Every structure is written in C-alpha cells, then in structure tokens.
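What follows is a single structure, written as structure tokens, with notes after it.
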Amino acid sequence: MPSGSHTQASLYERIYRQVSSIPAGRVSTYGRIAGAAGIPGHARQVGYALHRLKPGSEVPWHRVVNAAGMISLAPASHGYTIQRQLLESEGVRFDHRNVICLARYLWPPVDGCHRAESSGRG
DNA sequence: CGTATGACGAGCC
DNA sequence: AGGCTCGCCATAC
C-alpha cells in the first residue's frame, strides 16, 4: 500500500463505518463516533459527515444523537421527525422532555446501568 | 483567500 | 440544576 497519505479509508468513510456499526435499537453520540473514528474531540465533524449523507444512503444516521441524548436537529425540522420516527420504530423510547436515556440505549453499552436487552429485565 | 456558519461538547456562573 | 458562550475545523460564498 502507498505509505504516507491516508493509508486507510477517508475520514468520512471511517465515520460512516462507525455509525453503521450501531445495532438497531441502540444509539451513539457524535463525540463517541468521533473518538471511534480516530478524531476524539471533533464531534462536529461527525455531524457534518452525517449532514453530507445522501437520502439513499444505508448509513443509520438516525442512531446518532448529541451527548445530551437529544436529537440535534431543529424540533420543527423535517429531519427531526424522520429521525425520531426511525428511532421509535426500532424501540428507542423518548423521555417526556424528548430525551433518550443514554444509560439504556447508548452504544457501546455502559456498565453499572441496566440495558434495554430484549429480555425486558432491568 | 477571508468571513460566516454549523446534525457538538464542555465549562462557567 | 440549567442556560449561555467559546472552541473546534470543514464547508459555503
């Protein structure tokens, strides 16, 4: 392989790969995706990468929310409704404040908190 | 090429 | 406990 430049996939491609690794019914945050993609601290770049996605993309962009567990799109935006519907369609529940419980749905799972496993025991 | 902006995050009060 | 501001850097014009 040609040394020097990007021996690996492009940054966006790495971001898309990380996002694609999120299973259905789980969510991740921009910051975590950034860290997993090799650019810790650059959460905004992840948001930008998803913004660049095309409508026909198979990347589960809707499984990415901000560190507060909220959809980062404008609540009155069309994208917000789409993302929320897709998440609820996968079983992700929203708080009365439109917040997702990251302790239950965050991917990769966190220890010390019960997960939303299919067994329904928590 | 410089200014403005944005699908974020952490700190400050 | 929560709203506001700054910093980060690629993209748009």
Side-chain angles (χ1 to χ4, degrees):
Chain A
M1 56 171 69
S3 59
S5 311
H6 56 325
T7 51
Q8 303 186 13
S10 299
L11 175 58
Y12 278 22
E13 198 167 316
R14 277 180 288 170
I15 291 173
Y16 297 146
R17 179 162 292 280
Q18 292 300 331
V19 175
S20 299
S21 76
I22 306 172
R26 296 293 189 286
V27 301
S28 190
T29 66
Y30 297 93
R32 290 179 83 84
I33 294 295
I39 50 168
H42 294 252
R44 302 205 68 170
Q45 302 309 111
V46 176
Y48 221 93
L50 298 183
H51 177 68
R52 300 256 304 175
L53 275 174
K54 284 175 282 201
S57 215
E58 56 187 282
V59 179
W61 59 270
H62 57 277
R63 295 180 192 148
V64 185
V65 297
N66 61 28
M70 295 189 295
I71 293 173
S72 199
L73 294 166
S77 175
H78 181 62
Y80 180 94
T81 304
I82 297 298
Q83 182 169 7
R84 176 152 182 166
Q85 283 184 359
L86 286 170
L87 287 174
E88 291 185 328
S89 170
E90 296 181 350
V92 177
R93 304 279 299 172
F94 280 74
D95 198 273
H96 64 104
R97 291 288 296 176
N98 301 329
V99 177
I100 298 172
C101 185
L102 292 180
R104 300 184 351 168
Y105 300 109
L106 186 63
W107 188 264
V110 292
D111 293 343
C113 296
H114 73 119
R115 269 91 68 181
E117 297 298 337
S118 55
S119 295
R121 278 291 263 110

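So you know, we letter chains A, B, ... as the sequences are listed, proteins then strands, and number each from 1. This is a predicted model, so every value here is computed, not measured.
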Solution key, residues 64-73 of chain A side-chain donor-acceptor pairs under 3.5 Å, sequence neighbours excluded:
unit_1	atom_1	unit_2	atom_2	d
A:Asn66	OD1	A:Ala68	N	3.0
A:Asn66	OD1	A:Gly69	N	3.2
A:Asn66	OD1	A:Met70	N	2.9
A:Asn66	ND2	A:Met70	O	3.2

Worksheet entry | By side-chain contact (heavy atoms from CB on, under 4.5 Å) - contacts of A:Ser89 (at least two apart) | none
Worksheet item: Which nucleotides of nucleotides 2-13 of chain B have their base under 4.0 Å from a protein heavy atom (B), which only their sugar-phosphate (S), and which neither (-), written as one string 5' to 3'?
Response: ----BBBS----
Discussion item. With side-chain hydrogen bond (donor to acceptor under 3.5 Å, both in side chains) as the rule and sequence neighbours excluded, what pairs involving residues 27-44 of chain A come up?
Written reply: none
Discussion item. Enumerate the side-chain hydrogen bond (donor to acceptor under 3.5 Å, both in side chains) contacts for residues 54-63 of chain A, please, sequence neighbours excluded, ordered by first and then second residue.
Written reply: A:His62-A:Glu90, A:Arg63-A:Glu90
Worksheet entry | Integer-rounded Å distance: C:dC9 C1' and A:Ile39 CD1 | 10 Å
Worksheet item: Are A:Arg52 and A:Tyr12 in a cation-pi contact, defined as NZ or CZ under 6.0 Å from the six-membered ring centre and within 45° of the axis?
Response: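 Not satisfied by the 6.0 Å and 45° rule.
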Worksheet item: About how many Å separate CD1 of A:Ile100 and CG of A:Leu106, when rounded to the nearest 0.5 Å?
Response: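 A:Leu106 atom CG to A:Ile100 atom CD1 measures 10.5 Å (nearest 0.5 Å).
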Worksheet item: Side-chain contact, heavy-atom cut-off 4.5 Å: A:Tyr16 with A:Val19?
Response: no
Worksheet entry | Interface residues of residues 91-98 of chain A with DNA chain B (non-hydrogen, below 4.0 angstrom) |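 DNA chain B contact set from residues 91-98 of chain A: none.
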Worksheet item: Where is the tightest heavy-atom contact between A:Ser20 and A:Pro60, given as atom of each residue plus distance?
Response: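 Result for this residue pair: CA-CD, 3.6 Å.
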